[in-house]
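The chains referred to below are lettered A, B, ... by the order of the sequence lines, with proteins before strands, and numbering in each begins at 1.
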2 protein chains.
Amino acid sequence: MNLENTKAQMRKGVLEFCILSILSEDEAYVSDLINKMKDAKLIVVEGTLYPLLNRLKNEGVLEYRWEESKSGPPRKYYKITPEGKAMLDELKQSWQELITSVNSILSI
Amino acid sequence: MNLENTKAQMRKGVLEFCILSILSEDEAYVSDLINKMKDAKLIVVEGTLYPLLNRLKNEGVLEYRWEESKSGPPRKYYKITPEGKAMLDELKQSWQELITSVNSILSI
DNA sequence: TTTACTACTTTGTATTGCAAGGTACTGAAA
DNA sequence: TTTCAGTACCTTGCAATACAAAGTAGTAAA
């Protein structure tokens with residue numbers, strides 16, 4: 001049995017979706033994202049987010065700006081692009097469809 | 001944008017969970033599993049399932065028996081073990097928690 | 001100038017989904 | 001008898017990616 005692993009798989013599946021959703025409400029930098037995810041009981045770490053954000057930026061669904069910080073190095077604030085919003089809308093629908101699919105299997 | 005990829009990630013996340021759930025109702029061989037998943041609009045292929053079933057068998061959550069077929073080679077029928085049922089129960093709970101987590105992020 | 005804190009980045013590893021190709025059994029057609 | 005079609009299991013190689021861990025660099029206080 002490898003319960004934690006399987007649970008982790010489920011969390012990974014919705015990671016990009018959640019990040020896009022958070023950034024659709026307000027721009028944020030990595031630390032913000034980690035905290036908001038943690039608030040929703042979804043643990044994610046730096047080493048996961050940096051490459052992921054870069055990937056999403058290269059796909060054109062995110063963009064960023066630098067902002068100076070009073071308490072350390074400058075921060076990279078990410079926000080969603082119009083293309084990203086379009087993608088998020090489709091993902092929301094896919095998410096609902098996935099819930100329907102899984103529930104149909106659970107009730108066989 | 002890479003919508004299909006992200007949607008695929010979501011599907012992958014629940015794959016093991018769905019297979020366990022299907023096998024908790026009745027034993028099945030690979031072709032059955034592919035069809036039941038397809039019925040629920042979750043596409044999965046042979047090359048994914050064989051290693052996955054083997055993994056789950058090695059973890060002790062599945063077991064199998066051979067059954068002769070009238071129309072070809074013998075089939076490997078998998079079924080869930082008591083340990084697998086215990087895991088499935090926990091995964092059901094995790095799945096509900098994940099829905100709650102994602103919904104909380106969607107409504108930020 | 002050293003230490004602490006913060007933040008961004010990269011590297012290496014392990015997992016795993018999947019396309020593609022391989023083996024082998026049955027039964028029907030040539 | 002040989003060939004072919006259909007079915008089923010299995011393996012190999014590749015690509016994606018989450019994450020631990022280590023690296024770089026900025027600010028500010030001791």
Hey, does the side chain of [X] come within less than 4.0 Å of [N]'s phosphate (OP1/OP2), counting only N and O?
X       : N      : result
A/Asn2  : C/dT15 : no
A/Gln9  : C/dG17 : yes
B/Tyr29 : D/dA8  : yes
A/Tyr50 : C/dC8  : yes
B/Asn5  : D/dT17 : yes

Same hydrophobic cluster for [X] and [Y], using side-chain heavy-atom links shorter than 4.5 Å among ILVMFWY?
X       : Y       : answer
A/Leu20 : B/Leu98 : yes
A/Tyr77 : A/Leu52 : no
A/Leu53 : A/Met37 : yes
A/Trp66 : A/Ile80 : yes

Starting from [atom2] on [N], measure out to [atom1] on [X] and report it in whole angstrom.
X       : N      : atom1 : atom2 : result
A/Asp32 : C/dT6  : CG    : P     : 13 Å
A/Glu4  : D/dC19 : CD    : P     : 12 Å
B/Met10 : C/dG17 : CE    : C1'   : 16 Å
B/Asn54 : D/dC10 : CG    : C1'   : 9 Å
A/Glu67 : C/dA7  : CD    : P     : 12 Å
B/Lys7  : C/dG17 : NZ    : P     : 19 Å
A/Phe17 : D/dA18 : CZ    : P     : 16 Å
A/Ile34 : C/dT9  : CD1   : C1'   : 13 Å

Closest non-hydrogen atom pair between B/Met10 and A/Ser94, with its separation
CE-CB, 3.5 Å
Would you mind building the protein contact string for nucleotides 18-30 of chain C? One character per nucleotide, 5' to 3', B for base within reach (heavy atoms under 4.0 Å), S for sugar-phosphate only, - for untouched.
BB-----BSS---
Evaluate the criterion salt bridge (Lys or Arg N to Asp or Glu O under 4.0 Å) for residue pair B/Glu67 and B/Arg65; output intermediate values, then yes/no.
CA-CA 7 Å; B/Glu67 182 170 306; B/Arg65 65 177 179 83; 2.8 Å; yes
Which one, [options], comes nearest to the side chain of [X]?
X       : options               : value
B/Leu52 : C/dG17, D/dA8, C/dA7  : C/dG17
B/Arg55 : C/dT9, D/dT17, C/dT16 : C/dT16
A/Glu16 : C/dT6, D/dC9, D/dT17  : D/dT17

CD1 of B/Ile19 to OG of B/Ser24, rounded to nearest 0.5 Å, is 11.0 Å
Give, for atom CG of B/Leu56 and atom OG1 of A/Thr6, the distance between the pair rounded to the nearest 0.5 Å.
7.0 Å
Quiz item: cation-pi between A/Lys76 and A/Tyr64, 6.0 Å / 45°
yes
Defining pairs by Watson-Crick or G-U wobble geometry with both distances under 3.5 Å, how would you list the stems of DNA chain D with at least three pairs each?
C:1-30 with D:1-30
Donor-acceptor pair, B/Thr81 side chain versus B/Gly60 backbone, under 3.5 Å?
yes
